[in-house]
Number of protein chains: 2
Amino acid sequence: MPPSDTFRLSGEPAPPLPRHCTSCLSYERGACGVLTPDQLRRLAATALRRRFPPGSQILPPTRAEDLCASLVSGVAKLSCHLEGGRQQIVALATAPSIVAAPFADRDDTRAVAATEVDVCLLRRSTLEDLARENHALEHELHESSLADLRDARELLVTLGRKSARERVAWFLLFMRQRHCRTEEPAPEGSVIELPLSRGDIADFLGLTIETVSRQFSQLKNEGAITVPDGRRFSVRDLRQLEAAAGRA
Amino acid sequence: MPPSDTFRLSGEPAPPLPRHCTSCLSYERGACGVLTPDQLRRLAATALRRRFPPGSQILPPTRAEDLCASLVSGVAKLSCHLEGGRQQIVALATAPSIVAAPFADRDDTRAVAATEVDVCLLRRSTLEDLARENHALEHELHESSLADLRDARELLVTLGRKSARERVAWFLLFMRQRHCRTEEPAPEGSVIELPLSRGDIADFLGLTIETVSRQFSQLKNEGAITVPDGRRFSVRDLRQLEAAAGRA
DNA sequence: CGGGTTCTTGATTTGTTTCAATCGATGTGG
DNA sequence: CCACATCGATTGAAACAAATCAAGAACCCG
C-alpha cells in the first residue's frame, strides 16, 4: 500500500505538507518519511518546533509523560544520574532520531542539549497511535531502537574493558565517523568539531575531566592527532589512533 | 484482524500446533504468541530445537548469517571480545527472548550458554518475513529491543560510574529481581541461584574475578548477604544491600 | 581589560588489578 | 578408602592506572 490520502476526492486539493517537514532529516531518512501525507499532517498538527541552547534540558520533566522529541539538528546527550552528582551519558543523539521513544517505559534518563539543538516536540501517544496503524513506521522505530542498542553495547565494551587511553582514542574515532550528517568518516587530516566539552566526554567515557585531558595531550604529543582548540581536533595518523583504540 | 488460518475451509481440520510451541514461554508471553496458528506452523516447520551445555556457543558462527535463537530455558550470555582475551558480557538473556534478533546488523557479539540452555533455532529470514506481514510480531520484537536497550543503558551507568562494591551489590539485586521466570523479586532470605561463575560476573561487571570475590566476602562479612556456596546467595539485609548498590 | 569558565598540568592518594599462594570441592585411580 | 590432580573461589602483597587535590594557563564574553 503506497502512501496516499484517505477519503479525499481526486479533484479536492490536499492541504500542503508543513514546510518544516519537507526539509527535515526525519522526513528525508527517518520516521516521518514513512508516513502518508495524511498521517504526517496529523502528526504535525500537534507538533511544536523548538530551539534549545547548549546545556538546556529538552523535554521538561513536568510534561515528560506524553512528550517525545524528534531531533532536527544538533547533538543531545542522554544521561543517567546517580547520587553524589555522578552522571553517565548513555547515548549521543543526532538527527534523525527520536528521544524518549514511543513504547519505551519511562525511565530517569534526561535529554540535554550538548550543542544548540532544534527539536520537534511530539505527543508520544499520537506517535504510538500512528505506529499502531502504520506498520512501516513501527518498523522504522524498531530499526532505530536496534541501532541504539548496538551503540549502547559498543559503549558498554568500552566502559567495561578499555583503558583511559583506549576510551579516548575510541571516542575520537567515533566522532570522526559521525562528525556530521554524512555517512563517510572524515578524511585523515580534516578538522572535526567536538559537540562535547571535556566534562561531557568524561561523562560519556566513564572517566574524569583530568584523565580525558591528559589522554588528549598524550595522543597529541605522540602525533596521532592535532588539537587546534578544546572543541576541535583532526586525525593526523589514523593507524596510530586506531592502534591506541585497541580495535578488536 | 484476529489470528486465524488463511485459505482453509471450515470443515477441514487444521494441522495441530507443534507440541513444543504450546508450552514454550515464547508462545505464552513472547514473540511466537502473537503469530496466527498458520504462521506459527510456518515458523516451526524449519525450527530446530537444541540443547546446549554450559560454556558452549549457541549459533555456531559458520551458520550464524541466517540463524537466530529463541531462548526456551536457561541463561545465555552475550559477549563482545577484545584483543588480549578481554571480554565484556553485554547482556544476559533468559526466556522468552530472541538472540541475534531480526533486522539487527550482524555484529561480533557471541551468544554462549551460561547454564544449560534450550533454544529453538530459527531462520532469521523467515522471522523477518513474518514480522513484515504481521504487525503484532514486529511490535513484539520492537518492545523486546526497547527492553534490551533499557537494560544495556542501566549496565552502562553501572560500568561507567560505580565502584566495585556498588557493581557487585547492584548485580545481586539484579539477580534477585530476575531470579527466575516470575515477576516478583525473591523475598528477603530466600536462596537465589547464580547462573554465572565469578569469572562471568567479572566479565559482566567490568571487574576481575578477584575483585568480585573480595566484594562478595565483604558484603557477606557485613551481614548484607549469605553465601552458602559459590553458585548461591541470599539477601540477609535488603536495606544494607541497596545502600551498598548506591540506588539513585 | 577583568572575571569567569574551561582546559591543562603536576603531585599525591586510592581503588582495582596483577601476581602469587592457599583453600575447598569434586573426581580419579591406585 | 585414601592420596592426588583439577578447577573454581578466596585471600594476601605489590604494582599500577586513574581519581583526587591543587595550581596555573588559555579562552570567552561583557
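Chain A is the first sequence line, chain B the second, and so forth, proteins listed ahead of strands; every chain is numbered from 1. Here the structure is a predicted model, which is why all the values come from computation and not from measurement.
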In B/S/- notation, 5' to 3', how is nucleotides 25-30 of chain D contacted by protein heavy atoms closer than 4.0 Å? ------
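- Comparing A/N221 and A/R161 by the nucleotide of DNA chain C whose heavy atom lies nearest to each, the residue mapping closer to the 5' end is A/N221.
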Please report, to 0.1 Å, the donor-acceptor pairs under 3.5 Å made by any side chain of residues 204-211 of chain A, with sequence neighbours excluded.
residue, atom, partner, partner atom, Å
A/T208, OG1, A/T211, N, 3.3
A/T208, OG1, A/T211, OG1, 3.0

Please evaluate residues A/L156 and A/L159 with respect to the criterion side-chain contact (heavy atoms from CB on, under 4.5 Å), reporting the C-alpha separation (whole Å), side-chain torsions for both, the decisive distance (0.1 Å), and the verdict. CA-CA 5 Å; A/L156 220 33; A/L159 297 197; 5.7 Å; no
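- Distance, A/R167 CZ to D/dA19 P: 8 Å, rounded to whole Å.
- Atom CZ of B/R86 has more than 12 neighbouring heavy atoms from other residues, nucleotides or ligands inside a 6.0 Å radius.
- Counting heavy atoms from C-beta outward, A/L141 and A/P102 have side chains that approach closer than 4.5 Å.
- The distance between atom CZ of A/R165 and atom P of D/dA17, rounded to the nearest whole Å, is 12 Å.
- Here the straight-line distance linking atom CG of A/D229 with atom CG of A/L194 works out to 8.5 Å at 0.5 Å rounding.
- Counted within 6.0 Å of CZ on B/R51, heavy atoms from surrounding residues, nucleotides or ligands total 12 or fewer; the atom is thus considered open.
- Listed candidates were C/dT9, C/dT16, D/dA9. Nearest to the side chain of B/R231 is D/dA9.
- The nearest whole Å value for the distance from the NZ atom in A/K162 to the P atom in D/dA17 is 18 Å.
- Put simply, CZ on B/R198 is 13 Å from C1' on C/dG24, counting in whole angstrom units.
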Please walk me through it: do B/E116 and B/F52 pass side-chain contact (heavy atoms from CB on, under 4.5 Å)? CA-CA 6 Å; B/E116 183 169 82; B/F52 292 92; over 6 Å; no
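- Spacing between atom NZ of A/K220 and atom C1' of C/dC7 amounts to 10 Å, rounded to whole angstrom units.
- As a whole-Å value, the separation of A/Q218 CD from C/dT8 P is 14 Å.
- Atom pair B/F216:CZ and D/dG8:P shows a separation of 16 Å (rounding to whole Å applied).
- Annotation: the span from B/E154 atom CD to A/D107 atom CG amounts to 9.5 Å, rounded to 0.5 Å.
- The interatomic distance linking B/L194 (CG) with D/dA9 (P) rounds to 10 Å, in whole Å.
- Residues from residues 205-214 of chain A with heavy atoms under 4.0 angstrom of DNA chain D, sorted by number: A/G206, A/L207, A/T208, A/E210, A/T211, A/R214.
- Of the candidates B/V112, B/I58, B/T115, B/V112 is the only one forming a side-chain contact (heavy atoms from CB on, under 4.5 Å) with B/K77.
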